[in-house]
Each structure stands twice: as C-alpha cells, then as structure tokens.
Number of protein chains: 2
Amino acid sequence: MDPRTELVFDKIAERLRSLADPMRLAILHLLQRGPMRVTDILAEVGGSQANVSKHLGILRQAGFVTCRREGVNVYYAVADETVFTICRAICEGIEKAAEQEREAIAQARALLETGR
Amino acid sequence: MDPRTELVFDKIAERLRSLADPMRLAILHLLQRGPMRVTDILAEVGGSQANVSKHLGILRQAGFVTCRREGVNVYYAVADETVFTICRAICEGIEKAAEQEREAIAQARALLETGR
DNA sequence: CCCAAATATTGGCAACCAATTATATTGCTG
DNA sequence: CAGCAATATAATTGGTTGCCAATATTTGGG
C-alpha cells in the first residue's frame, strides 16, 4: 500500500483513539454547553482529579479542546466541532446495528414458530 | 451522571475503538470499492492472514462490515456507510489542526524576527 | 473419502492504555 | 513568603490490544 496513504490511516486511527473513551466523550459532551473549569468538569463526570486531568490532556493534545488560564482556574473549551459530527454518525450506526439485530431476532423467532 | 447517558458513551467509545486501527481503516477503505474476498484484501493490505482475519472479525462484530460465504471464499462488504462520514469528519479535524499548528509556527517565527 | 485452498481460532508475548497514588507546579491571599 | 486551592505530572500496576506462529475448520475437487 502507498506509504502516504498508510500515514493518513495512522493519523486517523490516532485521532479516533483519542476519542474512544467514555470519560473523554462525557467531557466533550459537557463542554458542548460552553467552556468550563476543571473543577466543575470534575464535579460532573466524577472520578479522580488526576484522571480527569489526564483525559483533558489527551483531548488537548489531540486538538479537540483548548484551554486558557484565568488566575487559578483553567477553562477548557471545545476546539473542534467535528467531534459532534462524529458522535452523531456513530450514534446513527448504533441505531442501525440495533435495528438489524432486532430484525435478525424477529427472523429467528419466525423460524422457530414455523418449525413447531 | 445519568447511568443511561453513561451507557451511551460506553457504546460510542466501544464503536470508536473498533474503528481506531490503521489496518481496519485500510480495510474499510478498500471495501468502499465493493465487496472483496479475504485473500484479495490480504494481498492489498499486507500482514499475516491471521491478523487480517482478526481485524475483519472485529469489524464484523462491530457491524461495520458483513460477510457472505460463496463456496470456499468469503466476501466482505461495508455494512455501515456512516464510517465514511466519520473518516471525513476526522480528516477535516486533522486539516484544521494542521492549519492551527502552521499558524502557531508562523506566530512564533514572527516573534523571533521582532526580537532580532 | 482425502487433499488442498480459504478462512477462522487459539496461545503466547510485547506494547500500550487507563486508573490510582503520590508529588510537583502555579497563582492567589494574607 | 507561607499556605492554600487548582491543576498537572510522574510512577506503578492491572487489564487490553495487536501481532505472530501454529492449529483447526470449512468447502470444493479428484
């Protein structure tokens, strides 16, 4: 495969990995309402301070959020709205998968009924 | 946090993880052209047969692809077009991030020039 | 029925990731 | 500048993931 193409896949995968964590998704969801201090994020998502800070660091390094210091507080904000596009697409996918599963179950049941 | 919301984030994260691998992305990219046999996928993406098979299994389990047997061959096909929406969004994000970085570098350089 | 080709599965190992605990940094206030 | 509150950064550890090698399964052909 073209090595440049391979690099692109590496980058996409890296970005997806930065996103693929429930707590990080929760944080992004929170920040959708507007910038927040770490303390407040912490209060909402729960977990240890160190952990939340680390997740914020990962999101920041990936460029999904930015932060700005105001005195003793640090405010985080969404820097890349495309994450929400991604989440919507994923959710669509989940809904489709659920529907397919429902259909499969219905078929299986029909099969059982027939065989009675 | 609402436990139901938490479950949603778990599901999204799980799905993202299934997607967050260069080889799996390469496979999906290949399959965009149409259904393919495992052997042909193998020839294009490289790597061991076992590895490709495992990645295909992960994609299948996540519902991103389906497979159908035809004699001795198994054809895989994209089952969920939303993955491409996701990839496009991610790519947009990468482009934005790159541009921001370029700007930051330009600013830093300007600062250095000024200080001469 | 046995062989060969296509595909899947398993076991082991190294790399990576996430959570925790402890420690460091930063900025305000008295 | 001492001390506190907010945040970030190690260091450790248990669990997960990816890769490889070997083995098993499935299917068509002789």
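These values consider heavy atoms only, across backbone and side chains, with no hydrogens, waters or symmetry-generated copies. Source: prediction; values computed, not measured. We name chains A, B, ... by the order of the sequence lines, and we start the count at 1 in each one.
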### Summary
The bend of the helix from dC1(C)-dG30(D) to dG30(C)-dC1(D), taken between the axes of its five terminal pairs at each end and rounded to 10°, is 10°
### Heavy-atom protein contacts under 4.0 Å, nucleotides 21-29 of chain D, coded B base, S sugar-phosphate only, - none
BB----BS-
Tell me: [atom1] of [X] to [atom2] of [N], nearest whole Å?
X      : N       : atom1 : atom2 : result
R17(A) : dA15(C) : CZ    : P     : 16 Å
K54(B) : dC20(D) : NZ    : P     : 11 Å
L42(A) : dA5(D)  : CG    : P     : 15 Å
I58(A) : dA19(C) : CD1   : C1'   : 11 Å
L59(B) : dT17(D) : CG    : P     : 14 Å
L56(A) : dA6(D)  : CG    : P     : 15 Å
R68(A) : dA6(D)  : CZ    : P     : 17 Å
I41(B) : dA6(C)  : CD1   : P     : 14 Å

### Task
Quick one: do S18(A) and Q61(A) satisfy side-chain contact (heavy atoms from CB on, under 4.5 Å)? Show the steps, please.
CA-CA 9 Å; S18(A) 305; Q61(A) 198 152 6; over 6 Å; no
### D21(A) vs D40(B), nearer the 5' end of DNA chain C by closest nucleotide
D40(B)
### Task
Please determine if R15(B) and D80(B) form a salt bridge, counting it only when a charged side-chain N lies under 4.0 Å from a carboxylate O.
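So R15(B) pairs with D80(B) through a salt bridge.
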### Query
Any salt bridge between R68(B) and E70(B), counting N to O under 4.0 Å?
yes
Distance check: side-chain N/O of [X] vs OP1/OP2 of [N], anything under 4.0 Å?
X      : N       : answer
H55(B) : dT17(D) : no
Y76(A) : dA8(D)  : yes
R24(A) : dA18(C) : yes

### Task
Could you walk me through whether H55(B) and D21(B) pass side-chain contact (heavy atoms from CB on, under 4.5 Å), step by step?
CA-CA 9 Å; H55(B) 283 301; D21(B) 180 277; 3.5 Å; yes
Table please: side-chain donor-acceptor pairs of residues 25-39 of chain A below 3.5 Å, with sequence neighbours left out.
residue : atom : partner : partner atom : Å
R33(A)  : NH2  : E44(A)  : OE2          : 3.3
R37(A)  : NE   : D40(A)  : OD2          : 3.2
R37(A)  : NH1  : N73(A)  : OD1          : 3.4
R37(A)  : NH2  : D40(A)  : OD1          : 3.3
R37(A)  : NH2  : D40(A)  : OD2          : 3.3

### Message
Keeping T82(B) on the side-chain end and T85(B) on the backbone end, is there a donor-acceptor pair under 3.5 Å?
### Response
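No, because the side chain of T82(B) does not come within donor-acceptor range (under 3.5 Å) of the backbone of T85(B).
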### Query
Does G71(B) offer a backbone N or O that forms a donor-acceptor pair with the side chain of R69(B) under 3.5 Å?
yes
### Query
Is atom NZ of K96(B) surrounded by more than 12 heavy atoms (other residues, nucleotides or ligands) closer than 6.0 Å?
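More than 12 heavy atoms, drawn from other residues, nucleotides or ligands, come within 6.0 Å of this atom.
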### Task
Check every atom of dT7(C), dG18(D), dT7(D) against the side chain of R37(B) and return the nucleotide holding the closest atom.
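Of all the options, the side chain of R37(B) is nearest to dT7(C).
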### Task
Verify side-chain contact (heavy atoms from CB on, under 4.5 Å) between T66(B) and Y76(B), making sure each step is shown before the conclusion.
CA-CA 6 Å; T66(B) 50; Y76(B) 277 81; over 6 Å; no
